[in-house]
There are 2 protein chains.
Amino acid sequence: MSLRFALLGLLAEEPSSGYDLTRRFEEGIGTFAWSAGHSQIYPELAKLAAAQLVEVVSEGARGRRVYDVTPAGRDALRDWLLGPHTDGGTVRNEFVLRLFLLSALEDADAQVVLRGVQEFAAQQIAVLESAQQEMAAAGLARSAGPNLAAKFGALSYQATHEWAGWASEQVAWRTERS
Amino acid sequence: MSLRFALLGLLAEEPSSGYDLTRRFEEGIGTFAWSAGHSQIYPELAKLAAAQLVEVVSEGARGRRVYDVTPAGRDALRDWLLGPHTDGGTVRNEFVLRLFLLSALEDADAQVVLRGVQEFAAQQIAVLESAQQEMAAAGLARSAGPNLAAKFGALSYQATHEWAGWASEQVAWRTERS
DNA sequence: AAAACCATGTAATTGGTTACATGATTGG
DNA sequence: CCAATCATGTAACCAATTACATGGTTTT
């Protein structure tokens with residue numbers, strides 16, 4: 001079900017072709033929230049169009065078809081976003097899974113991984129912050145979506161960075177005690 | 001592939017039955033990293049046993065079978081954790097997806113959701129912190145796994161809380177300008 | 001005795017990834 | 001004219017969820 005709404009939301013932000021949407025899933029939204037490949041996107045767009053939640057608004061070269069949400073699609077999206085989200089849905093995140101399983105490693109190995117994680121997080125923070133400054137400098141044409149995503153990413157990586165530091169201390173403390 | 005390693009990791013921390021593992025996926029690891037239902041776990045345990053990465057270490061009432069990782073399983077897990085993790089894998093997180101699509105809502109609606117998110121995050125932080133204090137008070141028997149998870153959760157929710165506040169300001173600013 | 005919970009499994013369906021397939025357009 | 005990229009689609013396979021199915025044990 002989530003893919004439907006991801007597509008509706010992306011189209012609500014900006015009308016796009018299936019190809020465009022595939023690219024957009026490789027950016028912020030794909031890194032932190034949800035991703036999909038083109039082989040999943042094209043059939044889903046067809047279904048959404050059949051349900052009249054999206055429609056083709058222009059056709060271009062190479063069979064390119066740009067979709068936009070219909071008013072019905074906007075309503076469906078709004079209902080979903082404002083509706084009850086009791087369970088938060090299932091989560092799949094291989095990166096975080098690795099972090100959670102670290103305690104299965106010997107201390108020295110765990111420290112190596114934790115240092116790597118910290119480095120990676122620091123690097124990502126730097127990338128996102130410089131991107132944000134570029135965007136701000138390039139004028140006010142900052143659309144909400146990418147901006148929200150970048151901020152979310154920066155804060156998430158900061159949390160990861162801090163966690164890795166804390167975890168590393170815990171492991172060191174455990175090593176000393178033994 | 002990830003499920004295999006999730007199971008190996010959980011068993012490395014503590015030998016468990018399929019039923020136990022199902023419950024454990026409903027806690028920290030399921031909320032932040034990876035989850036699975038029993039109908040996926042039992043067949044996967046059978047496959048892991050066939051590959052000699054896990055083994056049955058005891059049988060109890062009601063056909064209960066407790067599994068533990070074998071040395072080969074431990075090696076496989078270690079290789080995976082220390083191996084190259086170039087792409088971080090795909091991410092699926094419905095909660096975060098909702099956040100990313102918020103910009104499709106009208107400002108007033110978005111503010112309602114953002115306030116809800118902030119409240120939820122604050123509440124989760126409180127729950128996790130009190131749980132951690134309880135654990136600390138209950139003595140030193142704090143195993144690494146749940147502890148790491150709780151800390152990760154607390155930091156993640158803090159990031160979410162901060163993000164929601166920031167996003168709310170952004171939306172308010174956009175509202176005024178229009 | 002009944003309800004709640006422990007404990008395991010399989011089958012049917014849906015969701016998602018990888019591989020296969022084709023062709024147009026643009027830039028160098 | 002060649003390579004890169006744009007653009008769309010389907011098929012085969014694997015992963016995951018939901019529904020079906022059974023029975024033992026503990027608690028009230």
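Here is how names work: the chains are called A, B, and so on, in the same order as the sequence lines, proteins then strands, and each is numbered from 1.
Under the 4.5 Å side-chain heavy-atom criterion for ILVMFWY residues, a single connected hydrophobic cluster contains both L105(B) and V54(A).
Among the atoms of the strands shown, none is found under 4.0 Å from any heavy atom of R23(A).
A straight line from CE of M1(B) to P of dC13(D) spans 17 Å, rounded to a whole angstrom. Counting to the nearest Å, the P atom of dT10(D) and the CG atom of L45(A) are 12 Å from each other. Note: CD (E94(A)) to P (dA15(D)) measures 13 Å, nearest angstrom. The CG atom of L48(A) sits 12 Å away from the P atom of dG15(C) (whole-angstrom rounding). Between E44(A) atom CD and dG15(C) atom P there is a gap of 8 Å when expressed in whole angstrom units. Rounded to a whole Å, the CZ atom of R4(A) is 13 Å from the C1' atom of dT14(C). Residue L3(B) contributes atom CG, which lies 15 Å from atom P of dT17(C) at whole-angstrom precision. F5(A) has its CZ atom 15 Å from the C1' atom of dG15(C), to the nearest Å.
A sub-4.0 Å separation between OP1 or OP2 of dA7(D) and a side-chain N or O of R64(A) is present. The phosphate of dG9(D) (OP1 or OP2) has no side-chain N or O of Y42(A) nearer than 4.0 angstrom. Residue Q40(B) has a polar side-chain atom (N or O) positioned under 4.0 Å from OP1 or OP2 of dT17(D). Applying the 4.0 Å criterion to OP1 and OP2 of dT17(D), one finds that T90(A) has a side-chain N or O inside that range. Under 4.0 angstrom from either OP1 or OP2 of dT17(D) there lies no side-chain N or O belonging to R92(B). Within the structure, a side-chain polar atom (N or O) of Y19(A) is placed less than 4.0 Å from OP1 or OP2 of dC6(D).
Of all nucleotides listed (dT8(D), dG9(C), dT25(D)), dT25(D) comes nearest to the side chain of A61(B). Nearest nucleotide to the side chain of P43(A), out of dA16(D), dT10(C), dT10(D): dT10(D).
Within 6.0 Å of the CD atom in Q118(B), the count of heavy atoms belonging to other residues, nucleotides or ligands exceeds 12. Residue-environment remark: CD (Q52(A)) stays at or below the threshold of 12 foreign heavy atoms within 6.0 Å.
Inspection of the T90(A) and E94(B) side chains reveals no N or O donor paired with an N or O acceptor under 3.5 Å. Using a 3.5 Å distance cut-off with no hydrogens or angles, the side chains of E13(A) and S103(B) do pair a donor with an acceptor.
If you check distances only, the side chain of S39(B) does reach the base of dT18(D) with a donor-acceptor pair under 3.5 Å.
Nearest-nucleotide positions on DNA chain C for R62(B) and H38(A) put R62(B) closer to the 5' end. Comparing S2(A) and Y67(B) by the nucleotide of DNA chain C that holds the closest heavy atom to each, the one mapping nearer the 5' end is Y67(B).
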